[in-house]
Every structure is written in C-alpha cells, then in structure tokens.
Amino acid sequence: MEAWVRAVVEAIHSSRAQAVIYLAGGASQALGWLLSVPGASGSVLEVVVPYSRASMAQLLGKLPLQFTSKQAAEDMALAAFNRALKLSGPGLQVMGVGFTGSLASSRPKHGDHRFYVSTRTQNCLRTSHVTLSKGLRSREEEDKVSSCFVLKAIADACRVSATIQSDVQEPEIPKESVEQFDEDQELQQVIDGQVCMKVYHFADPTEKNFDRKLILPGSFNPLHDGHLRLLEVASSMCDDGFPCFEISAINADKPPLSIAEIKHRVEQFRKAGKNVIISNQPYFYKKAELFPGSAFIIGADTAARLVNPKYYGGDYNRMLEILLECKSTGTTFLVGGREIEGVFKVLEELNIPTELKDMFISIPEEKFRIDISSTELRKKQGL
C-alpha cells in the first residue's frame, strides 16, 4: 500500500465516523485499503456490492433508470446513510457512500468509461463524476483511479485532510455537486420517510463506549421531571446503554407533527442537556427495526397494550409473531409502574406471555414512581 493511501485510511479510522458503503462496477481497491489497515471495524459498518440488476433493485427498492448515473449513486448513498443510522454506534457521525461505475471490461464499450461517487451525511449530499479517457488505462488502473476518489470522498465526509494521487489527466477533472440541508429540510426528510431519523446530541460528550441505545420514547409535550428521572433510573439499571429520548414525527392516529412543533419540543432537550432522536416510526415493532438491539423504557400501560391482541386485529398469534421478531433483534423493554384505569400497576401484575417474559425487565416501584401526567401539565399551562 502506498504511504499516502495508508495515511488517509488511518485518518479515516481515527475520525470516529462510521460508514456503510455500497459499490457497483468498480472502486474495489478502496475496500482493500480500508479493511487492511487496523481500525476498520470502528469505521466501516457494512459493505455491499449490488452487481446484478436484482441485487440493485432489492437494495434501492426500485430499478435505476440508468445504473451508471448521478441519480443512481445518490440513491445508493441515501440508502447506505439510512442503513448506517440503524447500525452506527451511539453518538457517532455516520455517512452513506454510493459508487457506480462503467469501467474497462473484457468487451469494448460503446459509451464512456465513467464513474460517480456520492456521500450522504445528515446535512450534506456530495457527488463527484469523472469521465475517463478511453484506452488510456487497463481495468485495474481505472479501478485504482475510482478507488482513489472513493477514498477522498470518505475522507472529506469525515472532515479529515486528504491529498489523493489519482493520476487523472487534464480532460478527466471531476465534476462535483454539493447540496447542503438546513435543519428544517432535515426534519422534512424524516417526516417524508426519505431519512429514517435525525439525532440531536445535547448531552455532554463521554469517552465511554456503549453497546446499545437506551431509549425513552414519547411525545414529551411537555418534557417533565418524571421523564428525566425515569431515564436516569433506567440508565443506572442498564449502564451499557447510551441514554436518549425519542419522538416519532409520525403518529399512528393523528397528523404528523409540524416542523415548528418538532423544533419546539427539541428545544426542551437542548435546555435540559439531553440527547433526543426524531424518528418516523410510531409502532414499537418498527422502532425495533430502526434501533436493533436497543432497550426501550416504557410504562406498564404501554407494556399492557404491547401484549394485548386487541391491537393486532384480535390475533394472539400475530401479536406473538411480531414481538418475537422484535426479540430476535435483541430488543428489550424496561417497564416502569403506571396507572392503568385508575390503579397503579407494575410489570409483575401484567399477563406477559411466557415466550416474551425475558424481554421485559421491571423498574422497581421503590426506584421510580412519580405520578406526573403530561395531559394534566398541559391543562395547568392552558395548552
């Protein structure tokens, strides 16, 4: 490996950024470079090479109009970014990388030898397009050029300095486009389902490495001391979990939250110095897919609804099937006591199916019981 390549890869691995990479039609050497330098497990979450038409269609949920195109690379980067959001370690910057190329092959090509590389982060979409001089290089040499550009694109997204030696000629200078997103646009993308979540990091940074997320979901209208205390108690019981709150912009039986309302609620967490995630999944079985391996903090009333076949079309087996699927992702529930029909109940008083019992962990009443109602608080505030 050339010294400059190793230096760039080491800088990427030291950046605390994590990537999912989707490549088709070239840039294979970039993978070798990234994976052969120590530290790759901290920065490369997943690599997929969707070479066949069926593989690409499954990856994107559609067939691109043109496989080697700016749109295809950007669609791949967006899909990779959403995947990275689900797989990334708590508190880390994530990116999606999409590459699609049409390089020299065993048969002469009528079209240009070209490639597109796109990176997607929370607030930026950056794409480069290079048309190579035909007949100037072998396939392996074209693959190296495209690999250099993939490496540079990842380094730029990680905000690390990278000077690449790609050996491009005068007519091969890349065409680049950059699209920046402001907070309103980011939130609209979550509401529209284009991006699966937006994470706000308001808590003080920590050097501790967490194995999973510890999530307290809710509407938080308003956020109150009971919520803060509940997350604190749950964190003491689950010290390997990265503590955060979560609000779904999409409601099961109400219109989506407006951007202004989301920002208003997020402001509460900024003032409290607590992390919050804005997602677009109101159902727990979808949250389990979005946050695999996470522990969710819920009240006994929510736990009772989770195991009630009434909310699954009256089908007990369907309820069991869905929750067992959640269990297979490593999902667990920490359950605090809550009033149900005027009576305070804890987990032990609920009828949890035997197959699911080990998913539910009780928060003892002596550790947490604060009878605060968001509804009552809103009434007092005249909201």
Side-chain angles (χ1 to χ4, degrees), residues 1-51 59 73-74 76-101 103 114-130 132 137-169 172-174 176 178 205 207 209:
M1 186 184 300
E2 295 173 71
W4 73 266
V5 173
R6 179 175 291 277
V8 173
V9 173
E10 287 175 345
I12 290 170
H13 290 342
S14 300
S15 69
R16 286 182 59 80
Q18 296 188 315
V20 167
I21 304 170
Y22 293 160
L23 304 179
S28 62
Q29 292 173 59
L31 299 183
W33 296 338
L34 286 166
L35 300 180
S36 60
V37 174
S41 62
S43 54
V44 180
L45 294 166
E46 182 176 81
V47 176
V48 176
V49 182
Y51 236 147
L59 182 77
E74 291 179 351
M76 292 167 74
L78 178 59
F81 175 62
N82 277 309
R83 180 72 172 154
L85 284 169
K86 297 175 184 178
L87 299 180
S88 64
L92 299 177
Q93 177 194 348
V94 301
M95 78 183 77
V97 182
F99 172 93
T100 178
L103 308 182
R114 65 196 190 280
F115 62 82
Y116 298 81
V117 57
S118 182
T119 55
R120 174 63 200 256
T121 59
Q122 189 74 61
N123 64 355
C124 185
L125 173 65
R126 187 185 300 268
T127 306
S128 295
H129 165 215
V130 176
L132 299 168
R137 303 176 182 85
S138 66
R139 167 64 185 232
E140 184 178 0
E141 289 167 337
E142 289 189 353
D143 187 273
K144 182 178 179 182
V145 171
S146 62
S147 293
C148 290
F149 275 90
V150 166
L151 198 63
K152 176 67 162 57
I154 295 172
D156 287 345
C158 292
R159 298 173 186 164
V160 301
S161 176
T163 302
I164 64 167
Q165 300 172 20
S166 60
D167 191 33
V168 293
Q169 307 299 312
E172 301 174 321
I173 301 303
E176 299 188 345
V178 180
E207 292 299 315
N209 291 319

State the [atom1]-[atom2] distance between [X] and [Y], to the nearest 0.5 angstrom.
{"X": "H129", "Y": "Y116", "atom1": "NE2", "atom2": "OH", "result": "3.5 Å"}
{"X": "I12", "Y": "W33", "atom1": "CD1", "atom2": "CH2", "result": "10.5 Å"}
{"X": "Q18", "Y": "L45", "atom1": "CD", "atom2": "CG", "result": "4.5 Å"}
{"X": "I21", "Y": "T119", "atom1": "CD1", "atom2": "OG1", "result": "11.0 Å"}
{"X": "S138", "Y": "K144", "atom1": "OG", "atom2": "NZ", "result": "10.5 Å"}
{"X": "Q29", "Y": "L151", "atom1": "CD", "atom2": "CG", "result": "11.5 Å"}

Which pair of heavy atoms, one from [X] and one from [Y], lies closest together, and at what distance?
{"X": "H13", "Y": "P38", "answer": "CD2-O, 3.4 Å"}
{"X": "A24", "Y": "P50", "answer": "CB-O, 3.8 Å"}
{"X": "S36", "Y": "M1", "answer": "OG-CE, 3.1 Å"}
{"X": "V37", "Y": "E10", "answer": "CG1-CG, 3.8 Å"}
{"X": "L34", "Y": "A40", "answer": "O-CB, 3.3 Å"}

Residues two or more places apart in sequence or in another chain: which of them pass side chain to side chain donor-acceptor pair (under 3.5 Å) with R139?
Y51
Listed by chain and number, what are the side chain to side chain donor-acceptor pair (under 3.5 Å) partners of E172, not counting sequence neighbours?
S133, R137
Would you please test L125 and S118 for side chain to side chain contact (heavy atoms under 4.5 Å, CB included) and show each step?
CA-CA 7 Å; L125 173 65; S118 182; 3.3 Å; yes
Contacts of type salt bridge (charged side-chain N to carboxylate O under 4.0 Å, His left out), residue E176, not counting sequence neighbours
none
Please enumerate all residues that pass salt bridge (charged side-chain N to carboxylate O under 4.0 Å, His left out) together with D143, with sequence neighbours excluded.
none
Does a side-chain heavy-atom distance below 4.5 Å link [X] with [Y]?
{"X": "L103", "Y": "L132", "value": "yes"}
{"X": "V178", "Y": "C124", "value": "yes"}
{"X": "F149", "Y": "V130", "value": "yes"}
{"X": "S147", "Y": "F115", "value": "no"}

Only counting residues at least two apart or in another chain, list the ones meeting ring-ring contact (aromatic ring centres under 6.0 Å, His included) with Y22.
none
So, E74 and T127: side-chain donor and acceptor under 3.5 Å apart, yes or no?
yes
Checking salt bridge (charged side-chain N to carboxylate O under 4.0 Å, His left out) for the pair E142/R114: CA distance, chi angles, key distance, verdict?
CA-CA 9 Å; E142 289 189 353; R114 65 196 190 280; over 6 Å; no
Greater than 12 external heavy atoms within 6.0 Å of E141's CD:
yes
Under 3.5 Å, is there a donor-acceptor pair between the side chain of S146 and the main chain of A27?
yes
Exercise answer: donor-acceptor pairs, residues 77-101 side-chain atoms, under 3.5 Å, sequence neighbours excluded:
unit_1	atom_1	unit_2	atom_2	d
N82	OD1	C196	N	2.8
N82	ND2	L78	O	3.4
N82	ND2	Q194	O	3.0
R83	NE	E46	OE1	3.0
R83	NE	E46	OE2	3.3
R83	NH2	E46	OE2	2.9
S88	OG	A84	O	3.3
Q93	NE2	A157	O	2.8
T100	OG1	F67	O	2.7

